[in-house]
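This report concerns only the one structure given below.
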Amino acid sequence: MQTQIHGRTLELHQGDITLEQVDAIVNAANSRLAGGGGVDGAIHRRGGPAIMEETNRRYPDGCPTGAAVATAAGELPAKYVFHAVGPVWAGGQRGEADLLAGAYRRCLELAVEHGCRSIALPALSTGAYRYPMDQAARVGLSTVIAFLQEHAQPDLVRFVLFDPGAYGAFAAALEELTGGVSPGGTV
Ligand code: APR
């Protein structure tokens, strides 16, 4: 499923983000940048030890929740990994939506700063951090749409959803946010 936003493409794919052939992929990291399971485990496993060596060297203090930092991508097909720290879901009254939006926004800013034309994003916080998928989809998509309405880059933003349930939640949220003009519509 895809839609156009001011001439740039916003896509939804189902699959494994580590296989994406884009300039940057986003990791669902923790604030210590210590590695873990889920997306984080898959990225470090497939990308090799160079990624963790670089995060340890350049970001010894980790990364605050709601932000992101960049490294090279080791053996992955992408050029960069942006390590984004989403919030742990705590019921929705602890600023989770702002923190989740901030993490996505910072990834898009990093894409611009690093000259990336394409970026792949996972559903941050929706695994180990337990953010409800439908709410996370609305936050993630509305943040990307707002960014693309204000910036000329990146040309392609792709959400890579791991399973059919996540894909369905993002597809429903995208239709809701774009007034049902998707797929292939224009915002
Ligand atoms: N590609 C795309 N999506 C994936 C992949 C993958 N290879 N593996 C898991 N996912 C999906 C999950 O199904 C979930 O919907 O990514 C979403 C985010 O899940 P997590 O990776 O658990 O990330 P998060 O909820 O942000 O929790 C972060 O988990 O692995 C640790 O170190 C990480 O402490 C941090 C925490």
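Each ligand, and each atom within it, is numbered from 1 in the order the structure gives. All heavy atoms count here, side chains included; hydrogens, waters and symmetry mates do not.
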Using a strict cut-off of less than 4.0 Å between a Lys/Arg side-chain nitrogen and an Asp/Glu carboxylate oxygen, indicate whether D23 and K79 qualify as a salt bridge.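 Looking at K79 together with D23, the answer is yes, because their closest N to O distance falls below 4.0 Å.
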Report the residue from R158, E11, H13 that forms a side-chain hydrogen bond (donor to acceptor under 3.5 Å, both in side chains) with Q2.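 Testing Q2 for a side-chain hydrogen bond (donor to acceptor under 3.5 Å, both in side chains) against R158, E11, H13 leaves exactly one candidate, E11.
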In the protein, what heavy atom is nearest to [atom], and what distance, to one decimal place, separates them?
{"atom": "atom 11 (C) of ligand 1", "answer": "F162 CB, 3.8 Å"}
{"atom": "atom 26 (O) of ligand 1", "answer": "S125 N, 2.8 Å"}
{"atom": "atom 29 (O) of ligand 1", "answer": "A128 CB, 3.4 Å"}
{"atom": "atom 23 (O) of ligand 1", "answer": "A28 CB, 3.3 Å"}
{"atom": "atom 25 (O) of ligand 1", "answer": "G127 N, 2.8 Å"}

Heavy atoms only: give me the nearest V85-A103 pair and the separation to one decimal.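 Smallest interatomic distance, heavy atoms only, reads O-CB, 3.7 Å.
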Compare every heavy atom of Q4 with every heavy atom of T9, then report the nearest pair and how far apart it is.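 Closest approach of T9 to Q4: OG1-NE2, 3.2 Å.
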Which one of [options] has a non-hydrogen atom at the shortest distance from [atom]?
{"atom": "atom 36 (C) of ligand 1", "options": "Y129, F159, W89", "answer": "Y129"}
{"atom": "atom 21 (O) of ligand 1", "options": "D16, I25, V39", "answer": "V39"}
{"atom": "atom 1 (N) of ligand 1", "options": "L124, I17, I43", "answer": "I17"}

What orientation do H114 and F82 show, parallel under 30°, tilted 30 to 60°, or perpendicular over 60°?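 Tilted: the ring planes of H114 and F82 meet at 30° to 60°.
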Does ligand 1 come near enough to T126 that some N or O of the ligand is less than 3.5 Å from an N or O of the residue?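 Checking ligand 1 against T126, an N or O pair does fall under 3.5 Å apart.
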So is D40 polar-close to ligand 1, meaning N/O to N/O under 3.5 Å?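 The answer is yes, given that D40 and ligand 1 share an N or O pair closer than 3.5 Å.
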Check the hydrophobic clustering (I, L, V, M, F, W, Y; side-chain heavy atoms under 4.5 Å; chains of links allowed) and say if L99 and L141 are grouped together.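 They do not share one cluster, since no chain of ILVMFWY contacts under 4.5 Å joins L99 to L141.
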Which atoms of ligand 1 have any heavy atom of [X] under 4.0 Å away?
{"X": "G36", "answer": "30 (O), 32 (O)"}
{"X": "G35", "answer": "32 (O)"}
{"X": "G15", "answer": "1 (N), 2 (C)"}
{"X": "M133", "answer": "15 (O)"}
{"X": "A123", "answer": "17 (C), 18 (C)"}

Would you call G37 a ligand 1 contact, heavy-atom distance under 4.0 Å?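 G37 counts as a contact of ligand 1 under the 4.0 Å cut-off.
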Straight-line distance of F147 CZ to L10 CG, nearest 0.5 Å: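 The CG atom of L10 is 13.0 Å from CZ of F147, to the nearest 0.5 Å.
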Once rounded to the nearest 0.5 Å, what's the spacing between atom CG of L108 and atom OG1 of T143?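 Answer for the CG-OG1 pair, L108 versus T143, is 8.5 Å.
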Is L124 close to P122 at the side-chain level, that is, under 4.5 Å between some pair of heavy atoms?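 In short, these two side chains touch, coming nearer than 4.5 Å.
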Whether over 12 other heavy atoms sit under 6.0 Å from E113 CD: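 Correct, the count exceeds 12.
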